[in-house]
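Residue numbering restarts at 1 for every chain, and letters A, B, ... go by the order of the sequence lines. Note that the structure is predicted; figures quoted are calculated from it, not measured.
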Amino acid sequence: YMEINEKFLKPYSPKDTEDNIYKIWEDSGLFNPDVSIQKGYTDHNAETFSIILPPPNVTGSLHTGHALMLVIEDIMVRYKRMNGYKTLWLPGTDHAAIATQSKVEKIVEKEGTRKSDLGREAFLKRVEEYALNSHDEIVRQTKKMGASLDWSREAFTLDDKRTFAVRTAFKKMYDDGLIYRGYRIVNWDPKGQTTISDDEIVYEERKSKFYTFKYGPFEIGTARPETKFGDKYVVMHPLDTRYKDFEHMQKITVEWINGPIEATIIKDEMIDMEFGTGVMTITPWHSHEDFNLAQKYNLEKEQIIDKYGKLLPIAQEFAGIKIDIARQNIVDKLKEKGLLVSVDENYVNRIATAERTGGTIEPQIMEQWFIDVNKKIPERENLPTGQAGKSLKELMLEPLKNEEIEILPERFEKVYFNWIENLRDWCISRQIWYGHRIPVWYNKNTKEIYCDINPPKDIENWEQDPDTLDTWFSSGLWTFSTLGWPNNTEDLKTYHPTNVIETGHDILFFWIARMILMSKYLLGVNPFKTIYLHGMVRTADGKKMSKSLGEKAIDPLTIIEKYGNDALRMAMIVGNTPGNDLKLNENDIRGYGKFANKIWNATRFVLEQTNDLDLKNLPAFDAEDQKSHEELQSLILEITKEMNEYRFSIVAEKLYHYFWHTFADVLIERSKVKILENKNSDSAKALLYTHLDTLLKALHPFIPFVTEEIWSMLPNKDRLLLVEEWPTYAKASAGKPSNDVLNKYDA
RNA sequence: GCGCGGUUAGCUCAGUUGGUAGAGCAACCCGUUUACACCGGGAAGGUCACAGGUUCGAGUCCUGUAUCGCGCACCA
């Protein structure tokens, strides 16, 4: 029927194949479900399957974590597409406010300018330029990964449509009183000059000195003497017998850093009697816990450190000095005054640092915007049913408590519940320039506050809040802002709720929880049905892949260049189960490169042997081949079931093993004998052909490039493998099924 | 401190309601028989961390211990 393509004379070359194949897919338009329906591959009334891609940050390029995400999601999507679902996988990128801004700040600094010299407008222009470049690079790389994303629907968290969604969401929450502005203690990053959320803090263990000072009749411990100027409350446990002679709210005079002060004794259970002397002083302005205690007893709060990390006039002779320098000076002074009792040199302190800038977090009391997670949602018109009287926290808990949403692996449910229990109000304002500007204006004269999607009409009398929103605010809307919300679009009706969200378990809190919050609150529905959490990708020696590893990190594009994307995909899927970390090493990838070539060569043999086969009227199998045929059907049944349970690792392994060690090693070898001896050779040829046909389909979600390339060279194929039907018994069968297999299939 | 996970062949890891241990890679022996040496055949390799318990039967369920890792909270 055809000459063997001369490509088969050489080993399979992913490098010469993959880009072409992706282009064929893209040009076909079939990543877009509308096109697939139009061309008759997908039924108009078919069930939908949708995944919104977790948008990569526009901070540079993709890493192995992105690669893993793309592979898992692409497998899901290709599988569902082949099963006839109206399948949408929607791509996008995230402006990643702080991350992107701090990257550009560094670039600008290298050029010798500072962002303050440039000004807001000019600096933002630079950021946008950078973001655009990153975006283009990310899209290019994503295509290299073979991702079957519908690029016609691409979104960006900071584009016009998403801005409209963000402002709409903000206004709704503001009107419902769930967003408020107020003075609260926040995590201040002196380096980035912005607040950050609790989840953006990274704790680092550092050895530091732990000082014990005399404080009147007490001894108090601290690792941070520089905050102690304003400490006029001394706290101990009410049941601590050592201090039973002191009373709650009793006032005493103590000699302190800059002379005598009047201190007040506070008795509270927050004290750990076992720690140090069981006595401490508090600094409400610069500590979350101290702040809470001060609120409880209505204590005075005083700012000691300014937002640049320098001491304020309260420190008198130390005013204006940076805290890390002032520390030793203060200790020296206390020592001179005879108030230093001891220094523990081996104290290990956990320092809160900002994830993006590395700056040491200095808690501060500041006026910021917050989302109230505990306030009951008030009754109003158009409120989704069942929301009134519930808090956002409850909305986040319900879908998991009621098992409307499943998490894979299940154990992360506990982690999720634990996080919500400890959840505080979400500080959403950031003092950075890049991002969604808060849609609130202040009247210059009347101080009136105006919150709306559009600015007030008499804009000259108003000033917009200078702050921007936490980047996760817009990310929280992602499953539906990408589909056109707040407009009630066809896409929104068709594809939301989405089926699966697939992402690394490290952003369960950052993102997953917030998507549930936003979708439940704004739409009254869950954003997805299944949460599939993959693990972290690690190097062969177990280190987390990250930029700091430099050359030790595996760059997915380099790997693809060397071994092909199919090889990388197999290496990432086999042996990788949800939630568990993946150690990626080049050896495995090389091995799976051989697999692609094995399929390639097996195809050559099949094509050579079957070129006289009548494909429209396949010969019947003999008993032996019939049995083999049914074994393959059983395999298909098994893996179909496992695919539906997201057990991709086991499916990939089974297919690999079956192809290599049954089809190639046993069936092809057996066919050689039959064909050579011309004994039931027709049966053998039919078996070869149907096996190859079925296996290519089953392997396609895992290794789409090599299978599609081979598919294009098979006779009688009128459509791309991309939109072929996933093998089923009836479809793949050439011979008559035995009752045994049929029963299995029905079950 | 609270919680979660890992501990299975030399290495990396699978192992789905409990039913006589699996894969890939590495190492060993044999073999170039025309799809493929990016190959084939063969053999070897594990008291499933440890100790108890439930069971006719436990890698799998329960309790405890060790060890590695992760998350959360606290850290004056």
> At under 4.0 Å between heavy atoms, what does A/E642 touch on the DNA or RNA strands: base, sugar-phosphate, or nothing?
Replying inline: base

> What integer number of Å spans the C1' atoms of B/U17 and B/G1?
Replying inline: 36 Å

>> By the 4.0 Å heavy-atom rule, please label A/T283 as base, sugar-phosphate, or nothing.
In response: nothing

> What interatomic distance, in whole Å, is found between C1' of B/C11 and the corresponding atom of B/G46?
Replying inline: 14 Å

> Taking the C1' atom of each, how far is B/A21 from B/C28, in whole Å?
Replying inline: 22 Å

> So which nucleotide does B/C70 pair with, by the Watson-Crick or G-U wobble rule with both distances under 3.5 Å?
Replying inline: B/G3

>> Could you check whether A/K598 makes a cation-pi contact with A/F663, meaning its NZ or CZ is under 6.0 Å from the centre of the six-membered ring and within 45° of the ring axis?
In response: no

>> Once you apply a heavy-atom cut-off of 4.0 Å, does A/H288 come out as touching a base, just sugar-phosphate, or nothing?
In response: nothing

> In whole Å, what is the span from the NE2 atom of A/H657 to the C1' atom of B/G22?
Replying inline: 9 Å

>> Testing the basics here: between A/K232 and A/E262, what is the closest heavy-atom pair and its distance to 0.1 Å?
In response: CB-O, 3.7 Å

> If we take the C1' atom in both B/G41 and B/G5, what is their distance in whole Å?
Replying inline: 41 Å

> What integer number of Å spans the P atoms of B/G22 and B/G45?
Replying inline: 14 Å

>> Applying the Watson-Crick and G-U wobble criteria at under 3.5 Å, what pairs with B/G52? Answer none if nothing qualifies.
In response: B/C62

> Do A/T603 and A/L714 come close enough that some side-chain heavy atom pair is under 4.5 Å?
Replying inline: yes

> Which listed nucleotide (B/C75, B/U16, B/C13) is nearest to the side chain of A/K583?
Replying inline: B/C13

> Which nucleotide sits closest to the side chain of A/S649: B/U12, B/A14, B/A73?
Replying inline: B/A14

> Where is the tightest heavy-atom contact between A/S628 and A/L687, given as atom of each residue plus distance?
Replying inline: CB-CD2, 4.1 Å

>> Pick the closest RNA chain B nucleotide for A/K228 and for A/D199 by heavy atoms, then say which residue is nearer the 5' end.
In response: A/D199

> Counting only Watson-Crick or G-U wobble pairs whose two distances fall under 3.5 Å, which nucleotide matches B/U16?
Replying inline: none

> Would A/Y658 and A/H691 count as a ring-ring contact (aromatic ring centres under 6.0 Å, His included) if you check the C-alpha gap in whole Å, the side-chain angles of each, and the deciding distance to 0.1 Å?
Replying inline: CA-CA 11 Å; A/Y658 186 88; A/H691 252 68; 5.7 Å; yes

Distances under 3.5 Å only, N/O to N/O: pair up the protein atoms with those of nucleotides 1-4 of chain B.
residue: B/C4; atom: OP1; partner: A/K414; partner atom: NZ; Å: 2.7

>> Distance check, P atoms only: B/C62 and B/G3, in whole angstrom units.
In response: 15 Å

>> Please determine whether the number of non-hydrogen atoms from other residues, nucleotides or ligands lying under 6.0 Å from atom NZ of A/K214 exceeds 12.
In response: no

>> Once you apply a heavy-atom cut-off of 4.0 Å, does A/D272 come out as touching a base, just sugar-phosphate, or nothing?
In response: base

>> Can you classify the ring geometry of A/W511 versus A/W472 as parallel (below 30°), tilted (30 to 60°) or perpendicular (above 60°)?
In response: tilted

> At under 4.0 Å, does any side-chain N or O of A/W660 touch on OP1 or OP2 of B/G24?
Replying inline: no

>> Would you say A/N580 places a side-chain N or O within less than 4.0 Å of OP1 or OP2 belonging to B/A14?
In response: yes

> Quick one: does A/L68's side chain get under 4.5 Å of A/N576's, heavy atoms only?
Replying inline: yes

> Given that both distances must come in under 3.5 Å, which nucleotide forms a Watson-Crick or G-U wobble pair with B/U33?
Replying inline: none

> Choosing from B/A23, B/C72, B/G40, which nucleotide comes nearest the side chain of A/E653?
Replying inline: B/A23

> Does a sphere of radius 6.0 Å around CD in A/E274 hold more than 12 heavy atoms from other residues, nucleotides or ligands, not counting ones at 6.0 Å or beyond?
Replying inline: no

Sequence neighbours left out, cut at 3.5 Å: what donor-acceptor pairs do the side chains of residues 409-417 of chain A make with other protein atoms?
residue: A/R411; atom: NH2; partner: A/N580; partner atom: OD1; Å: 3.0
residue: A/Y416; atom: OH; partner: A/M396; partner atom: O; Å: 2.9

> Do A/K672 and A/Q609 have side-chain N/O donor and acceptor atoms under 3.5 Å apart?
Replying inline: no

> Within the structure shown, what part of the strands sits under 4.0 Å from A/Y347 by heavy-atom distance: base, sugar-phosphate, or nothing?
Replying inline: sugar-phosphate

>> Please report the distance separating the C1' of B/G18 from the corresponding atom of B/A26, rounded so that it comes out in whole Å.
In response: 33 Å

>> Just checking A/K641: does its NZ atom have more than 12 heavy atoms from other residues, nucleotides or ligands closer to it than 6.0 angstrom?
In response: no

> NA contact type, A/N576, heavy-atom cut-off 4.0 Å: base, sugar-phosphate, or nothing?
Replying inline: nothing

>> Under 4.0 Å, heavy atom to any atom of RNA chain B: which of residues 590-603 of chain A qualify?
In response: A/K594, A/N597, A/K598, A/N601, A/A602

>> So A/E669, base contact, sugar-phosphate only, or nothing? Heavy-atom distance under 4.0 Å.
In response: base

> Between B/C75 atom C1' and A/I282 atom CD1, what is the distance in whole Å?
Replying inline: 16 Å

>> With rounding to the closest Å, how many angstrom separate the C1' atoms on B/G59 and B/A49?
In response: 12 Å

>> Using OP1 and OP2 only, check whether a side-chain N or O of A/H661 sits under 4.0 Å from B/G24.
In response: yes

> Does B/C28 pair with anything, Watson-Crick or G-U wobble, both distances under 3.5 Å, and if so, with which nucleotide?
Replying inline: B/G42

>> Considering every strand and a 4.0 Å limit on heavy-atom distances, what is the contact class for A/L582: base, sugar-phosphate, or nothing?
In response: nothing

> With sugar-phosphate meaning primed atoms plus P, OP1 and OP2, does A/L508 contact a base, only sugar-phosphate, or nothing at under 4.0 Å between heavy atoms?
Replying inline: nothing

